[in-house]
Amino acid sequence: MTDKVRVRFAPSPTGFLHVGGARTALYNWLFARQQQGVFILRIEDTDMERSSEAMVQGILEGMHWLGLDADEGPFFQSTFADAHRAAARRLVEAGKAYYDFTPKGETDDKNVKERIADRARLQAVTGKAQNPFRELPLAEARQRVETGEAAAIRLKVPEVGVSRFDDLVFGPQERDYADIEDLVLVRSDGHPLYNLSVVMDDIEMQITHIIRGQDHLTNTHKQILIYEALGATVPRFAHLPLIFAPGKVKLSKRTHGKVVSVTEYRDRGFVPEALVNFLALLGWSPGDGQEMISPQELIEKFNIEAVHKAGAIFNFDKADERDWTDPKALWMNAEYIKTMALERLSAMVAAQLQKDGLWREEYDQERREWFTRTVDLLRARFRTIVDFSIYGRPYFADDFAFEPAAVKKNLKDERLKELLPGLAEQLSGVEAFTHDGAEAALRAYGEAQGVKAGLLINASRTALTGQSVGPGMFDIMVALGRERTVERLRKAIAVVGT
RNA sequence: GCCGCUAUAGUGUAAGUGGUUAACACGCAACCCUCUCAAGGUUGAGACUACGGGUUCGAGCCCCGUUAGCGGUACCA
């Protein structure tokens with residue numbers, strides 16, 4: 001490896017980072033880090049109408065959150081439009097491209113796909129005519145352009161032969177030149193088109209490996225033609241299988257909502273490494289069955305040639321609030337929450353509580369240890385950081401709601417109106433308010449009252465947290481402390497039997 | 001229409017150069033733990049490897065065909 005690896009992630013400025021784009025960015029980043037190469041970010045804003053600073057912000061935010069910081073950039077493709085136009089003109093001068101004076105056709109109301117098919121069917125009978133301007137003498141063409149006549153610039157594609165390249169993921173690819181039209185490089189209004197722009201920029205930025213979505217696979221042949229016309233070295237290509245929504249349909253924000261946006265994962269309590277881990281495994285695996293892989297390990301183990309060829313489905317159920325995104329991603333996030341360093345988790349939870357107005361300065365002062373211990377107690381059954389604010393609310397705040405189902409299940413027994421205050425009384429008299437101390441007191445009280453301990457325990461859980469599930473009851477009591485425990489047990493009689 | 005890519009349980013992935021009951025994870029179900037479960041443990045259901053041929057003693061793996069899905073095909077990116 002003599003030349004330093006240089007890769008780029010080149011998204012359109014759509015206002016947010018798409019999970020598919022995030023995976024593409026991730027694979028580029030992994031490859032760059034592994035090869036000690038350079039990772040570049042370039043915004044493909046050729047389509048001027050669709051771009052603005054704000055549209056780029058979401059992408060930057062998403063990448064930064066995931067930890068995929070670029071070594072160079074962001075660069076903006078539109079900045080280089082003049083160079084692209086100049087290159088196209090050079091190709092014309094060199095006889096590798098030509099001016100096409102055909103008036104720009106009217107676009108009817110049919111969709112693109114239909115128009116293309118119609119034209120193809122027509123050509124099947126007519127026979128494909130060669131562009132009449134392809135062989136127009138250069139001097140004549142130049143003169144017409146100088147008089148102000150509008151002309152697009154098209155690349156001259158060889159009439160016979162095949163184009164070949166070896167894709168790192170998809171293997172050997174070939175395409176007949178006869179199947180490739182003389183592509184437009186620059187529109188008649190002077191606007192350089194995508195295929196020219198990417199190639200020019202990739203040459204300029206000395207990109208060695210182009211890692212991108214499979215939707216660019218067949219067009220790669222066209223781009224190679226441009227590289228060759230320009231006399232540039234053709235880089236290596238690695239196309240990535242697409243990520244689909246359930247039903248193998250295109251994953252789009254329009255139809256699938258925010259699940260496709262990376263910042264949504266941040267906002268809904270994902271640990272960035274968890275999403276990175278999940279995304280990495282969507283189309284690639286280390287082969288040894290390992291699933292929990294840190295970014296550092298990913299860098300070591302990642303192998304572009306082991307990337308899958310078949311598209312993957314990003315599984316989620318729009319109707320299910322709990323499974324708002326892929327269940328496996330959620331599971332993975334829960335694993336990270338369970339196993340990550342407690343200090344870091346606590347910091348993330350603290351930020352979340354601050355955001356939701358549940359934070360108290362003392363959690364970082366005299367109750368710091370309590371706070372960390374509580375986070376540790378709760379993390380076993382939470383799947384996102386946001387869960388700490390929602391399901392963890394009773395632990396961090398005194399105003400919390402009673403879940404109707406929990407009340408119905410655990411606070412139905414009318415006897416509880418007497419038992420709960422009684423239990424509160426008992427607990428306030430316990431000398432050591434510890435897990436075992438509280439348990440002993442509760443069981444003794446249950447026995448004295450002739451009720452099963454389970455009734456009191458389950459009722460207490462709901463009385464203390466409003467929920468029917470959670471950590472072991474006595475752990476909850478200790479976490480809340482004697483005072484709050486006693487108070488909540490007494491107040492809960494208001495909801496008994498409701 | 002034409003060109004191309006792909007095809008292993010519901011989902012994500014395994015199964016070096018063809019070799020035994022197709023493995024793992026998520027999800028799902030049941031059971032256990034028991035004070036709850038959305039935690040933990042155990043077990044289980046779920047795939048005639050898209051379909052049809054062929055080569056072979058033997059095919060998820062090789063060959064041919066079919067089908068389906070997807071992508072491309074544009075003065076979109």
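Note that the structure is predicted; figures quoted are calculated from it, not measured. Per chain, numbering begins at 1; letters A, B, ... match sequence-line order.
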task: Give the intermediate values and the outcome of side-chain hydrogen bond (donor to acceptor under 3.5 Å, both in side chains) for residues A/Q77 and A/E44.
output: CA-CA 5 Å; A/Q77 188 156 73; A/E44 309 262 287; 3.1 Å; yes
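- Nucleic acid contact class of A/G472 (heavy atoms, under 4.0 Å, all strands): base.
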Show me, pair by pair, the donor-acceptor contacts under 3.5 angstrom made by side chains of residues 154-164 of chain A, not counting sequence neighbours?
from: A/R154; atom 1: NE; to: A/D100; atom 2: OD2; distance (Å): 2.7
from: A/R154; atom 1: NH1; to: A/D182; atom 2: O; distance (Å): 2.6
from: A/K156; atom 1: NZ; to: A/G95; atom 2: O; distance (Å): 3.4
from: A/E159; atom 1: OE1; to: A/Q130; atom 2: NE2; distance (Å): 3.1
from: A/R164; atom 1: NH1; to: A/E174; atom 2: OE1; distance (Å): 2.6

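- Listed by first and then second residue, the salt bridge (charged side-chain N to carboxylate O under 4.0 Å, His left out) pairs that reach into residues 452-478 of chain A come to none, sequence neighbours excluded.
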field: Nucleic acid footprint by protein, nucleotides 61-68 of chain B - heavy-atom cut-off 4.0 Å, B for base, S for sugar-phosphate alone
entry: --------
Expected list for residues 285-293 of chain A: side-chain donor-acceptor pairs under 3.5 angstrom, two or more places apart:
from: A/S285; atom 1: OG; to: A/G287; atom 2: N; distance (Å): 3.2
from: A/D288; atom 1: OD1; to: A/Q290; atom 2: N; distance (Å): 3.0
from: A/D288; atom 1: OD2; to: A/K301; atom 2: NZ; distance (Å): 3.1
from: A/Q290; atom 1: OE1; to: A/K301; atom 2: NZ; distance (Å): 2.5
from: A/Q290; atom 1: NE2; to: A/M292; atom 2: O; distance (Å): 2.8
from: A/Q290; atom 1: NE2; to: A/E297; atom 2: OE2; distance (Å): 3.2
from: A/E291; atom 1: OE2; to: A/K328; atom 2: NZ; distance (Å): 2.9

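- When distances are taken from the side chain of A/F244 to each of B/rA77, B/rC70, B/rA38, the shortest belongs to B/rC70.
- With sequence neighbours excluded, the residues satisfying side chain to side chain donor-acceptor pair (under 3.5 Å) with A/E149 are A/R144.
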task: Take A/D167 and A/Q173 through the test side-chain hydrogen bond (donor to acceptor under 3.5 Å, both in side chains) and record every step on the way to the result.
output: CA-CA 7 Å; A/D167 191 89; A/Q173 299 292 314; 6.0 Å; no
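- Screening residues 73-82 of chain A for salt bridge (charged side-chain N to carboxylate O under 4.0 Å, His left out) gives A/D82-A/R85 as the qualifying pairs, with residues at least two apart or on separate chains.
- Taking atom CD of A/Q77 as the reference point, atom C1' of B/rC76 lies 13 Å away to the nearest angstrom.
- Side-chain rings of A/F133 and A/F101 approach one another, their centers coming within less than 6.0 Å.
- The side chain of A/R381 sits closest to B/rA39 out of B/rA39, B/rG27, B/rC35.
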message: Dot-bracket for RNA chain B, please. Rules: Watson-Crick or G-U, both distances under 3.5 Å, ( ) within the strand, [ ] when a pair crosses earlier ones, | for another strand, . otherwise.
response: (((((((..((((.....[...)))).(((((.......))))).....(((((..]....))))))))))))....
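- Within 4.0 Å of A/Y194, counting heavy atoms only, lies at least one base atom of the nucleic acid.
- Not counting sequence neighbours, the partners of A/Q214 by the side chain to side chain contact (heavy atoms under 4.5 Å, CB included) test are A/F170, A/L217, A/L242.
- Salt bridge absent: A/D376 and A/R373 never bring a charged side-chain N and a carboxylate O closer than 4.0 Å.
- Residue-level contact check: A/L242 touches the backbone only, with heavy atoms under 4.0 Å from sugar-phosphate atoms and none from bases.
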B/S/- contact track for nucleotides 28-34 of chain B, protein heavy atom under 4.0 Å: -------
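- Among B/rA39, B/rC35, B/rA74, the nucleotide with an atom closest to any side-chain atom of A/R119 is B/rA74.
- If you check distances only, the side chain of A/S188 does reach the base of B/rC75 with a donor-acceptor pair under 3.5 Å.
- Residue A/Q173 has its side chain nearest to B/rG4 when only B/rC75, B/rG4, B/rA38 are considered.
- We find the CD-CD distance between A/Q426 and A/Q449 to be 8.0 Å, quoted to the nearest 0.5 Å.
- For A/T384, the side chain to side chain contact (heavy atoms under 4.5 Å, CB included) test picks out A/L330, A/N333, A/V386, A/D387, with sequence neighbours left out.
- Below the 3.5 angstrom threshold, one finds no donor paired with an acceptor across the side chain of A/R175 and the base of B/rC3.
- The residues A/E439 and A/R443 are annotated as salt-bridged, a charged nitrogen and a carboxylate oxygen being separated by less than 4.0 angstrom.
- A/I153 places its CD1 atom 14 Å from the P atom of B/rC75, with the value rounded to the nearest Å.
- Nucleotides of RNA chain B nearest to A/Y391 and A/A306 differ in position, and the one nearer the 5' end is that of A/A306.
- Looking at heavy-atom distances under 4.0 Å, A/F474 makes contact with a base.
- On a pure distance criterion of 3.5 Å, a polar donor-acceptor pair joins the side chain of A/K113 and the base of B/rG72.
- Listed by first and then second residue, the ring-ring contact (aromatic ring centres under 6.0 Å, His included) pairs that reach into residues 435-470 of chain A are A/H435-A/F474, sequence neighbours excluded.
- At a threshold of 4.0 angstrom between heavy atoms, the contacts of A/K222 are confined to the sugar-phosphate backbone, with no base atom among them.
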Please tabulate the protein-to-nucleotide N/O contacts below 3.5 Å involving nucleotides 10-13 of chain B, giving atom names and distances.
from: B/rU11; atom 1: O4'; to: A/N315; atom 2: ND2; distance (Å): 3.4
from: B/rG12; atom 1: OP1; to: A/I313; atom 2: N; distance (Å): 2.6
from: B/rG12; atom 1: O2'; to: A/L281; atom 2: O; distance (Å): 3.1
from: B/rU13; atom 1: OP1; to: A/G283; atom 2: N; distance (Å): 2.1
from: B/rU13; atom 1: O3'; to: A/S285; atom 2: OG; distance (Å): 3.1
from: B/rU13; atom 1: O2'; to: A/S285; atom 2: OG; distance (Å): 3.3

